[in-house]
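Worksheet for the structure shown next.
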Amino acid sequence: MTPRERLIVGLDVPTVREAETIVQTLGDDILFYKIGYQLAFAGGLEFARELAESGKKIFLDMKLLDIDNTVASGVENIAKMGMSMLTLHAYPKAMRAAVKAAEGSGLCLLGVTVLTSMDEQDLVDAGYEYDPHTLVLKRAEQARTAGMGGIVCSAEEASAVRKVIGPDMALVTPGIRPAGADKGDQKRVMTPADALKAGSSHLVVARPIVKAEDPKAAARAILAEMATAL
């Protein structure tokens, strides 16, 4: 895959109007976009459908988790929207239900292992007995067994996760920050080139592009950095 096929720009903005401006500004340089809660609940689901119909690839970051029938029903409708990727929390029952519902659709299901904003103390506070690295690997193995299309994890775990899931599954890493960029609320981050070298297949970048003074220049710089690692 080319850098353009691997870079996913997060449309983490509050309105569809702002998202439209970003997409227009970035033009053909960017193929892949992520839409999460903030935009989804402001008209972003219909916008996602429109982008997909225009030829863009959409990563719908919904992090689904519910009873099996509810997860399956959601996945079936999301597949009909023409989405390329969809996240759900990497719980075995939910993943198995989602995989069955997505059969034949071409929708790549991604298991969210441990959020990149969480560190070991955050997991302890949430009642887990595992450190982030151990829990990530456990959930990666469960996702592979369930037949998921890929994994979402920190780039810090990418190399270890790649060994668990093999060469074919997608490995999507948020928390990507170019050298010198502000980490924001992310605790486990990595540069674009280092993330690719570690085994990531796709990189999610939001603030360093959408909040840049010149988003197009920022995107092109990241694409160029990615090219050096491929």
Check: Above 12 or not: heavy atoms from other molecules or residues under 6.0 Å from NZ of Lys56?
Finding: yes
Note to self: Has Arg162 got a side-chain atom pairing as donor or acceptor with Gly166's backbone, closer than 3.5 angstrom?
What the structure shows: yes
Note to self: What verdict does the side-chain contact (heavy atoms from CB on, under 4.5 Å) test give for Leu11 and Phe47, after you've listed the backbone C-alpha separation in whole Å, the side-chain angles of each residue and the deciding distance to 0.1 Å?
What the structure shows: CA-CA 11 Å; Leu11 293 174; Phe47 181 57; 4.0 Å; yes
Note to self: Less than 4.5 Å apart, side chain to side chain, heavy atoms only: is that true for Phe59 and Val172?
What the structure shows: yes
Check: Judged by atom type as modelled, is there a donor-acceptor pair below 3.5 Å linking the side chain of Glu76 to the main-chain atoms of Ala101?
Finding: no
Notebook entry, point to check: Is Arg17 salt-bridged to Glu20, going by a charged N under 4.0 Å from an acidic O?
Noted result: no
Margin query: Any side-chain to backbone donor/acceptor pair from Thr173 onto Leu203? Under 3.5 Å, distance only.
Written below: no
Note to self: Using side-chain heavy atoms (C-beta onward) and a distance below 4.5 Å, is Met118 in contact with Pro132?
What the structure shows: no
Check: So which heavy atom on Ala94 is nearest to which on Leu65, and how close?
Finding: CB-CD1, 3.9 Å
Note to self: Looking at Asn77, I want to see if its CG is surrounded by more than 12 non-hydrogen atoms of other residues, nucleotides or ligands under 6.0 Å.
What the structure shows: yes
Check: How far apart are the C-alpha atoms of Met81 and Ile58, what are their side-chain angles, what is the distance that settles it, and do they pass the side-chain contact (heavy atoms from CB on, under 4.5 Å) test?
Finding: CA-CA 10 Å; Met81 291 171 63; Ile58 304 300; over 6 Å; no
Margin query: Using 30° and 60° as the class boundaries, would you call the ring planes of Tyr37 and Phe41 parallel, tilted or perpendicular?
Written below: parallel
Item checked: Joint cluster assignment, Leu135 & Val124, ILVMFWY side-chain distance < 4.5 Å -> no
Next item on the list: Nearest 0.5 Å please: distance from the OG atom of Ser84 over to the NE2 atom of His202.
Entry: 9.0 Å
Checklist line | Rounded distance [0.5 Å steps], CD in Gln38 versus OG1 in Thr15 | finding: 9.0 Å
Note to self: Starting from Leu31, can I reach Val210 by hopping between I/L/V/M/F/W/Y residues whose side chains sit under 4.5 Å apart?
What the structure shows: no
Item checked: Sidechain N-carboxylate O distance under 4.0 Å for Lys34, Asp12 -> yes
Check: Can you name the closest pair of heavy atoms from Cys153 and Pro174 and give their distance?
Finding: O-CD, 3.5 Å
Checklist line | Val99 side chain reached by Met148 side chain, heavy atoms, under 4.5 Å | finding: yes
Check: Just by distance, do the side chain of Thr228 and the backbone of Glu225 share a donor-acceptor pair under 3.5 Å?
Finding: yes
Notebook entry, point to check: Is Arg207 reaching over with its side chain to a backbone N or O of Gly10, donor-acceptor style, under 3.5 angstrom?
Noted result: no
Check: Within 45° of the axis and under 6.0 Å from the centre of the six-membered ring of Tyr91, does NZ or CZ of Arg96 qualify?
Finding: no
Margin query: Regarding Glu5 and Thr2, do their side chains bring together a donor and an acceptor under 3.5 Å, going by distance alone?
Written below: yes
Checklist line | Nearest heavy atoms of Cys108 and Gly150, plus distance in Å | finding: SG-N, 4.3 Å
Next item on the list: Start with the C-alpha distance between Lys93 and Val71, add both sets of side-chain angles, then the distance that settles side-chain contact (heavy atoms from CB on, under 4.5 Å), and finish with yes or no.
Entry: CA-CA 10 Å; Lys93 280 175 62 66; Val71 168; over 6 Å; no
Check: Do you know which two heavy atoms are closest between Gly44 and Ile35, and how far apart they sit?
Finding: O-CD1, 3.8 Å
Margin query: Whether the side chain of Thr87 engages the backbone of Val112 through a donor-acceptor N/O pair (distance < 3.5 Å, no angle test) should be reported.
Written below: no
Item checked: Heavy-atom pair of closest approach, residues Pro208 and Arg177 -> CG-CD, 3.8 Å
Check: For Met169 and Leu171, what are the C-alpha separation, side-chain angles and deciding distance, and is it a side-chain contact (heavy atoms from CB on, under 4.5 Å)?
Finding: CA-CA 6 Å; Met169 289 177 67; Leu171 207 166; over 6 Å; no
Check: Does some side-chain heavy atom of Leu64 sit less than 4.5 Å from a side-chain heavy atom of Ile78?
Finding: yes
Checklist line | Sub-4.5 Å side-chain heavy-atom contact between Lys63 and Val152 | finding: no
Notebook entry, point to check: Quick one: does Glu157's side chain have a donor or acceptor within less than 3.5 Å of a partner on Ser154's backbone?
Noted result: yes
Check: With a 4.5 Å limit on heavy-atom distance, are the side chains of Leu39 and Val16 in contact?
Finding: yes
Next item on the list: Without swapping roles, check the side chain of Arg139 against the backbone of Gly111 for a donor-acceptor pair under 3.5 Å.
Entry: no
Notebook entry, point to check: What are the two closest non-hydrogen atoms of Asp29 and Arg220, and how far apart are they?
Noted result: OD2-NE, 2.6 Å
Next item on the list: Flag yes if more than 12 heavy atoms outside Lys216 fall under 6.0 Å of its NZ atom; otherwise flag no.
Entry: yes
Check: Hey, are the side chains of Leu7 and Ile209 touching, using non-hydrogen atoms and a 4.5 Å cut-off?
Finding: yes
Check: Donor-acceptor pair, Glu141 side chain versus Lys138 backbone, under 3.5 Å?
Finding: no
Check: Rounded to the nearest 0.5 Å, how far apart are CG of Leu60 and CZ of Arg49?
Finding: 10.5 Å
Check: Are Ile30 and Leu230 connected in the hydrophobic side-chain network, where two residues link if heavy atoms are under 4.5 Å apart?
Finding: yes
